[in-house]
Amino acid sequence: MSDRPALSFAKDVRPLFTDLDVAHMKPAGIDLSDRASVEAHADAIYHTVTAGTMPPAGTGERWTEAMCALFKQWQTEGYAP
Ligand code: HEM
(Lines give C-alpha, C1' and ligand atoms only; values in the text may rest on other atoms or scores of the structure.)
Protein backbone atom coordinates (compact mmCIF):
# COMPACT_ATOMS: atom_id res chain seq x y z
CA MET A 1 0.00 0.00 0.00
CA SER A 2 1.19 3.45 -0.80
CA ASP A 3 0.06 6.80 0.54
CA ARG A 4 0.68 8.33 -2.83
CA PRO A 5 -2.59 8.75 -4.71
CA ALA A 6 -2.74 7.28 -8.20
CA LEU A 7 -2.08 9.67 -11.04
CA SER A 8 -5.20 11.21 -12.52
CA PHE A 9 -5.97 12.33 -16.05
CA ALA A 10 -7.35 15.71 -14.97
CA LYS A 11 -4.56 16.62 -12.57
CA ASP A 12 -1.48 14.94 -14.07
CA VAL A 13 -1.95 13.90 -17.70
CA ARG A 14 -4.18 16.56 -19.26
CA PRO A 15 -1.63 19.33 -18.44
CA LEU A 16 1.01 17.48 -20.51
CA PHE A 17 -0.87 18.51 -23.65
CA THR A 18 -0.89 22.12 -24.82
CA ASP A 19 -3.99 23.80 -26.26
CA LEU A 20 -2.19 23.67 -29.62
CA ASP A 21 -1.67 19.91 -29.29
CA VAL A 22 -5.37 19.44 -28.57
CA ALA A 23 -6.51 21.69 -31.42
CA HIS A 24 -4.23 20.09 -33.98
CA MET A 25 -4.97 16.49 -33.07
CA LYS A 26 -8.78 16.77 -33.08
CA PRO A 27 -8.98 16.69 -36.92
CA ALA A 28 -6.70 13.61 -36.81
CA GLY A 29 -9.36 11.90 -34.67
CA ILE A 30 -7.65 12.04 -31.28
CA ASP A 31 -9.04 14.31 -28.58
CA LEU A 32 -6.10 14.84 -26.24
CA SER A 33 -8.39 16.70 -23.81
CA ASP A 34 -10.62 13.65 -23.37
CA ARG A 35 -9.60 10.83 -21.03
CA ALA A 36 -11.35 8.08 -23.00
CA SER A 37 -9.83 9.19 -26.30
CA VAL A 38 -6.35 9.33 -24.76
CA GLU A 39 -6.85 5.86 -23.25
CA ALA A 40 -7.99 4.48 -26.61
CA HIS A 41 -4.83 5.78 -28.31
CA ALA A 42 -2.48 5.57 -25.32
CA ASP A 43 0.11 3.19 -26.76
CA ALA A 44 0.38 5.19 -29.98
CA ILE A 45 0.59 8.47 -28.06
CA TYR A 46 3.31 7.07 -25.80
CA HIS A 47 5.20 5.89 -28.87
CA THR A 48 5.11 9.29 -30.60
CA VAL A 49 6.12 11.32 -27.55
CA THR A 50 9.00 8.99 -26.62
CA ALA A 51 10.20 8.82 -30.24
CA GLY A 52 9.94 12.63 -30.42
CA THR A 53 7.78 12.61 -33.56
CA MET A 54 4.92 14.31 -31.67
CA PRO A 55 4.53 17.16 -31.09
CA PRO A 56 6.18 17.87 -34.47
CA ALA A 57 9.38 19.93 -34.30
CA GLY A 58 8.55 23.61 -34.33
CA THR A 59 5.05 23.15 -32.89
CA GLY A 60 6.02 22.26 -29.34
CA GLU A 61 8.70 21.12 -26.96
CA ARG A 62 9.86 17.53 -27.09
CA TRP A 63 8.60 15.67 -24.02
CA THR A 64 11.13 15.09 -21.25
CA GLU A 65 11.80 11.63 -19.87
CA ALA A 66 9.87 12.62 -16.75
CA MET A 67 6.79 13.52 -18.81
CA CYS A 68 6.96 10.23 -20.71
CA ALA A 69 7.41 8.27 -17.48
CA LEU A 70 4.42 10.00 -15.91
CA PHE A 71 2.24 9.13 -18.89
CA LYS A 72 3.41 5.50 -18.76
CA GLN A 73 2.70 5.32 -15.03
CA TRP A 74 -0.83 6.64 -15.60
CA GLN A 75 -1.29 3.85 -18.17
CA THR A 76 0.07 1.21 -15.83
CA GLU A 77 -2.19 2.40 -13.02
CA GLY A 78 -5.28 1.98 -15.17
CA TYR A 79 -6.12 5.34 -16.78
CA ALA A 80 -7.72 7.00 -13.75
CA PRO A 81 -9.88 10.07 -14.48
C1 HEM B 1 -1.54 8.43 -31.77
C2 HEM B 1 -0.63 9.35 -31.76
C3 HEM B 1 -0.54 10.44 -32.78
C4 HEM B 1 -0.69 10.40 -34.15
C5 HEM B 1 -0.98 9.19 -35.01
C6 HEM B 1 -0.54 11.74 -34.63
C7 HEM B 1 -0.65 12.13 -35.96
C8 HEM B 1 -0.61 13.41 -36.40
C9 HEM B 1 -0.82 13.82 -37.76
C10 HEM B 1 -1.13 12.87 -38.92
C11 HEM B 1 -0.70 15.16 -37.82
C12 HEM B 1 -0.85 16.08 -39.02
C13 HEM B 1 0.36 16.03 -39.90
C14 HEM B 1 1.58 16.62 -39.24
O15 HEM B 1 1.61 17.82 -38.99
O16 HEM B 1 2.55 15.85 -38.96
C17 HEM B 1 -0.40 15.62 -36.48
C18 HEM B 1 -0.20 16.95 -36.12
C19 HEM B 1 0.10 17.39 -34.85
N20 HEM B 1 0.22 16.62 -33.71
FE21 HEM B 1 -0.02 14.62 -33.65
N22 HEM B 1 -0.29 12.59 -33.58
C23 HEM B 1 -0.29 11.82 -32.43
C24 HEM B 1 -0.08 12.27 -31.15
C25 HEM B 1 0.21 13.57 -30.79
C26 HEM B 1 0.55 13.99 -29.46
C27 HEM B 1 0.60 13.05 -28.26
C28 HEM B 1 0.80 15.32 -29.51
C29 HEM B 1 1.23 16.25 -28.41
C30 HEM B 1 1.90 15.85 -27.34
C31 HEM B 1 0.61 15.75 -30.88
C32 HEM B 1 0.74 17.04 -31.34
C33 HEM B 1 0.54 17.44 -32.66
C34 HEM B 1 0.65 18.81 -33.12
C35 HEM B 1 1.00 20.03 -32.28
C36 HEM B 1 0.36 18.78 -34.50
C37 HEM B 1 0.33 19.98 -35.45
C38 HEM B 1 1.56 20.06 -36.32
C39 HEM B 1 1.54 21.24 -37.28
O40 HEM B 1 0.57 21.98 -37.34
O41 HEM B 1 2.54 21.42 -37.97
N42 HEM B 1 0.25 14.66 -31.63
N43 HEM B 1 -0.35 14.55 -35.65
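In each ligand, atom 1 is the first atom listed, and ligand 1 is the first ligand listed.
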Provide, to 0.1 Å, the distance between [atom] and the closest protein heavy atom, together with that atom's residue and name.
| atom | value |
| --- | --- |
| atom 27 (C) of ligand 1 | I45 CG2, 3.5 Å |
| atom 5 (C) of ligand 1 | I30 CD1, 4.6 Å |
| atom 19 (C) of ligand 1 | M25 SD, 3.5 Å |
| atom 15 (O) of ligand 1 | P56 CG, 4.3 Å |
| atom 41 (O) of ligand 1 | T59 CG2, 3.4 Å |
| atom 42 (N) of ligand 1 | M54 SD, 2.9 Å |
| atom 10 (C) of ligand 1 | A28 CB, 4.9 Å |

Exercise for the section: Taking all heavy atoms of Q75 and all of A42, pick out the closest pair and write down the distance. Expected result: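 Heavy-atom minimum between the residues: NE2-CB, 3.4 Å.
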
Quiz question for you: does at least one protein heavy atom lie closer than 4.0 Å to [atom]?
| atom | value |
| --- | --- |
| atom 13 (C) of ligand 1 | no |
| atom 2 (C) of ligand 1 | yes |
| atom 32 (C) of ligand 1 | yes |

Practice task
May I ask you to identify, for V49, whether its side chain, its backbone, both or neither come under 4.0 Å of ligand 1 on a heavy-atom basis?
Solution key: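 Within the 4.0 Å criterion, V49 contacts ligand 1 through side-chain atoms alone.
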
So, do [X] and [Y] sit near enough that their side-chain heavy atoms are less than 4.5 Å apart?
| X | Y | answer |
| --- | --- | --- |
| K26 | S33 | yes |
| H41 | D31 | no |
| F17 | I45 | yes |

Practice task
Carefully, step by step, assess E39 and D34 under the rule side-chain contact (heavy atoms from CB on, under 4.5 Å).
Solution key: CA-CA 9 Å; E39 175 178 354; D34 178 65; over 6 Å; no

Exercise for the section: Could you tell me whether a side-chain N or O of R62 sits under 3.5 Å from a main-chain N or O of V49, the two making a donor and an acceptor? Expected result: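 Looks like no, no N/O pair under 3.5 Å.
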
Problem - Exam field: side chain R35 to backbone Y79, donor-acceptor pair closer than 3.5 Å - result: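 Pair found, side chain donor or acceptor close to backbone of Y79.
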
Exercise for the section: Quick one: sort the W74 and F9 rings into parallel, tilted or perpendicular, breaks at 30° and 60°. Expected result: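 The rings of W74 and F9 sit tilted, inter-plane angle from 30° to 60°.
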
Handout entry: Residue A44 vicinity, atoms of ligand 1 by number, heavy atom under 4.0 Å
Key =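 Here the atoms of ligand 1 in question are 1 (C), 2 (C).
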
Exercise for the section: Just jot down the ligand 1 atoms closer than 4.0 angstrom to any heavy atom of W63, in number order. Expected result: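 What qualifies from ligand 1 is 30 (C).
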
Problem - Atom pair OG1/CG of T64 and L70 - distance to nearest 0.5 Å - result: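 Reported to 0.5 Å precision, the distance equals 9.0 Å.
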
Handout entry: H24-ligand 1 polar pair, N/O distance under 3.5 Å
Key =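 Checking ligand 1 against H24, an N or O pair does fall under 3.5 Å apart.
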
